[in-house]
Protein chains: 2
Amino acid sequence: MIKSKSTSLDVARLAGVSQSAVSRVFSGASASKATATKVRKAADALGYRPNSLARAMITGKSRIIGLVVAYLDNQFYPIALERLSNALQAQGYHILVFMAANGEDTVIKVVEELIDYQVDGIITASVAMSSNLTQRCAVAGIPVVMFNRGQDGSGHSSITSANVEGGRKIADFLVAGGHKRIAHIAGWEGSSTGRDRRRGFIDGLADHDQRPIAVIDGMFDRDAACKATRALMARPVPPDAIFVGNDHMAFAVMDTLRQELELRVPQDVSVIGYDDVPLAAWAAYDLTTVRQPVNRMVEATIETILAKIVDPARPTQKIEIDGPLIVRGSARIPKGWTQ
Amino acid sequence: MIKSKSTSLDVARLAGVSQSAVSRVFSGASASKATATKVRKAADALGYRPNSLARAMITGKSRIIGLVVAYLDNQFYPIALERLSNALQAQGYHILVFMAANGEDTVIKVVEELIDYQVDGIITASVAMSSNLTQRCAVAGIPVVMFNRGQDGSGHSSITSANVEGGRKIADFLVAGGHKRIAHIAGWEGSSTGRDRRRGFIDGLADHDQRPIAVIDGMFDRDAACKATRALMARPVPPDAIFVGNDHMAFAVMDTLRQELELRVPQDVSVIGYDDVPLAAWAAYDLTTVRQPVNRMVEATIETILAKIVDPARPTQKIEIDGPLIVRGSARIPKGWTQ
DNA sequence: CTGAAAGCGCTAACAC
DNA sequence: GTGTTAGCGCTTTCAG
């Protein structure tokens with residue numbers, strides 16, 4: 001029966017070897033089969049496990065990745081977190097989570113604490129970083145990769161889906177569907193994702209000689225999206241289609257349309273979202289949307305950050321991953337639409 | 001312009017004091033106003049911040065709490081995680097997240113790694129711990145609190161909602177609504193929450209001289225719940241009401257009922273869930289359910305674990321928090337129902 | 001109140 | 001291969 005925490009020295013004494021021999025066995029350095037067995041046996045007897053903190057201090061590698069995330073109510077993020085955590089775990093890394101409801105101050109505080117913990121890298125999900133902060137991370141030698149948000153000139157790597165393209169795909173689809181009065185409840189104007197989707201969408205409409213009858217910033221927020229929907233439908237000439245900047249808001253738009261305004265989707269109004277979170281596929285919404293390929297985005301994120309941890313000189317990358325339009329039942333399907 | 005990471009010794013030299021003086025200033029120990037100012041100034045100039053890992057090693061307190069969670073697709077958990085993280089951050093603690101898809105092996109591995117990181121405490125969300133593991137945590141002196149899951153004789157504290165009572169409330173409501181053929185798609189049989197809700201429900205029905213026409217284990221899983229729904233409705237005498245073990249499954253049940261079987265809820269079948277996740281309130285589902293008061297559960301969890309960190313001798317607690325039945329539109333409302 | 005000195009538990013040269 | 005010897009950056013006695 002094991003009584004209390006033991007150290008490598010305890011193990012060394014029991015095994016009759018030096019303390020460094022124990023260290024070697026556990027850190028995978030060279031050791032003869034004979035000592036390895038002795039050490040393992042002694043360690044098991046004592047319930048010994050190496051102290052990660054001490055190891056981190058010496059090696060300068062904590063094997064902790066800091067994750068800064070703004071909110072978890074949009075299903076896209078918990079899913080990403082789950083995948084990120086699983087993949088990182090498989091590589092022997094762990095995630096220290098920080099919530100940073102958008103607000104420069106919180107982010108600063110959070111990143112400082114992350115630096116204090118000597119994290120090997122930082123992943124930010126839908127959070128922007130000031131250049132001052134960027135500078136701090138650089139000084140601390142901590143690579144940063146931004147997940148689902150780009151920031152030009154930030155000096156950080158970023159992984160996003162092809163948002164501009166995505167916006168275009170939606171414009172094409174809606175126009176092909178014969179819609180003439182198209183509106184857009186956009187993602188937050190302060191985010192690259194929101195801006196890029198909007199830009200692609202407007203450019204795409206322009207290619208067909210159309211322009212949106214209205215564009216409202218939905219702030220990636222449910223309530224704002226509901227309000228925007230009401231405003232849109234109260235216009236003298238209401239839209240016959242709405243592209244909503246992400247699925248999370250699109251659900252709110254559909255709820256408002258169907259429940260409050262008693263309109264049918266897509267017969268009265270077509271609705272399209274962005275993300276393809278699991279909920280979009282559920283029968284209650286059956287939402288047409290552009291898929292952000294979470295798995296591939298997560299893979300790219302991990303690859304990028306781990307590469308930069310191993311080789312800090314590695315240049316910054318901006319990776320964009322293309323995602324398909326997923327056609328479901330919330331928007332009118334153009335005649336003869338195949339792809 | 002700051003060039004690279006600096007240590008307390010660098011600060012000490014620049015400030016013209018001893019290294020221990022610097023330590024005192026940053027750890028809040030006694031120091032004269034004069035030295036404090038000198039030290040602060042030098043630290044700012046160098047961009048110095050104390051190394052949390054080194055501090056943790058000395059003090060034996062990492063201020064890291066390990067969180068073990070099985071899945072994040074049920075909205076209840078990300079919300080809890082968000083709240084937990086926020087509250088802990090406010091107290092100067094941080095969360096190291098581990099995913100442990102149910103499976104004893106993963107949990108063991110994960111908890112071992114948590115111990116290696118010298119976490120101050122462990123919170124498990126919907127994850128069970130073997131007595132062997134419990135023993136290990138005890139040896140390492142790490143308090144464990146189980147969130148949303150109880151485990152008798154585990155020696156750990158647990159925070160749950162009043163699941164037995166909740167099950168009863170649902171039975172009362174359904175019977176009052178005049179239902180005569182009530183079925184139950186239960187939460188996973190291997191979980192205390194699933195079992196308690198079922199037991200309360202069955203006991204509650206018995207008080208009205210009824211018994212469920214069928215009980216199927218839905219495993220807290222969407223697909224299993226869909227399958228169970230089909231099986232239930234294919235019976236010669238299908239149910240007129242279904243109590244589903246949590247909201248996450250209830251959504252699947254409603255999707256299957258309405259879309260696939262073309263039945264109306266609640267006119268053809270009443271559906272009741274458990275948890276009251278945000279989605280339950282959205283118009284598309286408008287689900288009647290029992291609320292698990294996340295905020296209060298989180299508060300209790302944090303209070304319990306912090307208290308045990310400060311005073312390890314503190315006795316184990318099993319806290320149950322009562323939650324109300326939230327009446328919405330997915331189940332027939334009994335005539336004259338007030339409360 | 002402050003500095004000197006002794007480690008926390010471990011890894012990483014360095015000789016043998 | 002293996003033991004010996006230095007520390008990693010900090011907190012904490014212990015004198016003064």
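Every chain is numbered from 1, with letters handed out A, B, ... down the list of sequences.
The interatomic distance linking A/Asn51 (CG) with C/dC8 (P) rounds to 12 Å, in whole Å. A straight line from CZ of A/Arg55 to P of D/dG7 spans 22 Å, rounded to a whole angstrom. Atom CD in B/Gln19 sits roughly 18 Å away from atom P in D/dC14 (whole-Å rounding). Spacing between atom NZ of B/Lys5 and atom C1' of D/dG9 amounts to 11 Å, rounded to whole angstrom units. Rounded to whole Å, atom C1' of D/dG9 lies 9 Å from atom CD1 of B/Ile58. Taking atom CZ of A/Arg63 as the reference point, atom P of C/dC10 lies 17 Å away to the nearest angstrom. Separating the CG atom of A/Leu9 from the C1' atom of D/dT5 is a distance of 14 Å, rounded to the nearest angstrom. In this structure, the CZ atom of B/Arg13 is 15 Å from the C1' atom of C/dG3, given to the nearest Å.
With hydrogens and angles left out, the side-chain atoms of B/Tyr117 and A/Asn51 include no donor and acceptor closer than 3.5 Å. Counting only N and O atoms by type, the side chains of A/Ser20 and A/Ser23 include no donor and acceptor under 3.5 Å apart.
Residue A/Ser8 places at least one side-chain N or O closer than 4.0 Å to OP1 or OP2 of C/dC10. Taking 4.0 angstrom as the limit, A/Tyr117 places none of its side-chain polar atoms (N or O) nearer than this to OP1 or OP2 of D/dG9. Between A/Ser32 and D/dT2 there is a side-chain N or O to OP1 or OP2 distance below 4.0 Å. Distances shown here put a side-chain N or O of B/Ser23 below 4.0 Å from the OP1 or OP2 atom of D/dT11. The side chain of B/Thr35 contributes an N or O atom lying less than 4.0 Å from OP1 or OP2 of C/dT2. Within the structure, every side-chain polar atom (N or O) of B/Thr7 is placed at least 4.0 Å from both OP1 and OP2 of D/dG9.
Backbone-only engagement by A/Ala31 is indicated by non-hydrogen atom pairs under 4.0 Å involving sugar-phosphate atoms exclusively. The residue A/Val17 sits close only to the backbone: its heavy atoms come under 4.0 Å of sugar-phosphate atoms, none of a base.
Position along DNA chain C of the nearest nucleotide to A/Ser6 versus B/Ser18 favours B/Ser18 as the more 5'-ward residue. Place B/Ser52 and B/Arg24 on DNA chain D by their nearest nucleotides, and B/Ser52 ends up nearer the 5' end.
Ring centers of B/Phe26 and B/Tyr48: under 6.0 Å apart, within the cut-off.
Closest heavy-atom contact between A/Val110 and A/Ala100: CG2-CB, 4.5 Å.
By the 30° and 60° cut-offs, the orientation of the rings of A/Phe147 relative to A/Phe76 is parallel.
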